[in-house]
Amino acid sequence: MGRWIKPEVYPLIAAMTFVSSMCVFQLTRNVLLNPDVRINKAHRTTAVLENHEEGHKYKEHSLRRFLRTRPPEVMPSINHFFSQQK
């Protein structure tokens with residue numbers, strides 16, 4: 001593989017692999033866990049599903065619950081450093 005791929009291409013391959021894996025993860029999560037996606041025939045026959053608990057559980061996943069307790073700053077130490085008044 002080292003003979004026909006230049007070393008300059010490795011970061012691009014890494015970025016594209018990361019993004020592609022994120023897309024596959026999100027698509028798989030939506031197909032398997034999303035309450036609005038109906039794969040089997042029994043669920044497709046109903047026009048409106050009354051599954052509010054399942055939808056709330058899908059929306060309030062563990063990452064969202066964790067981030068809710070964190071401050072909404074990307075780099076808090078830099079923000080605090082530059083926001084200090086002299």
Side-chain angles (χ1 to χ4, degrees):
M1 188 160 142
R3 296 184 93 171
W4 56 277
I5 294 181
K6 295 181 180 181
E8 299 88 25
V9 181
Y10 290 147
L12 180 62
I13 291 173
M16 292 303 295
T17 303
F18 177 71
V19 170
S20 298
S21 63
M22 283 178 44
C23 290
V24 168
F25 169 74
Q26 187 63 28
L27 288 172
T28 305
R29 179 178 178 264
N30 280 331
V31 166
L32 296 178
L33 300 176
N34 193 339
D36 291 334
V37 176
R38 303 175 200 140
I39 296 175
N40 56 1
K41 277 189 178 179
H43 287 117
R44 281 186 285 178
T45 57
T46 57
V48 177
L49 292 178
E50 296 294 333
N51 55 356
H52 300 289
E53 304 86 31
E54 189 178 356
H56 185 70
K57 185 176 130 184
Y58 175 77
K59 181 182 173 192
E60 297 297 327
H61 50 82
S62 58
L63 179 63
R64 183 174 287 207
R65 284 192 309 264
F66 171 73
L67 291 177
R68 188 173 290 126
T69 62
R70 308 296 305 153
E73 298 174 329
V74 177
M75 296 182 202
S77 59
I78 294 175
N79 289 340
H80 293 298
F81 176 76
F82 285 111
S83 66
Q84 292 177 353
Q85 295 181 0
K86 295 178 183 181

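Positions are given from 1, in the same order as the sequence printed here. Treat the numbers as computed from the prediction; the structure is a model and nothing was measured.
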Run through Thr28, Leu32, Leu33, Asn34 and flag the one making a side-chain contact (heavy atoms from CB on, under 4.5 Å) with Asn30. Asn34
Transitive ILVMFWY side-chain link Trp4 to Tyr10, under 4.5 Å: yes
Rounding to 0.5 Å, atoms CZ (Arg68) and CZ (Arg64) come to a distance of 7.0 Å
When rounded to the nearest 0.5 angstrom, what distance separates CE in Met75 from CZ in Phe82? 11.0 Å
Please give the remaining members of the hydrophobic cluster of Leu67, linking ILVMFWY side chains under 4.5 Å, ordered by chain and number. Leu63, Phe66
Supply the atom-to-atom distance Phe25 CZ to Ser20 OG, rounded to the nearest 0.5 angstrom. 15.0 Å
Can you list everything that forms a salt bridge (Lys or Arg N to Asp or Glu O under 4.0 Å) with Arg70? Sequence neighbours excluded, please. none
Shared hydrophobic cluster for Val74 and Ile78 (ILVMFWY, side-chain gaps under 4.5 Å): yes
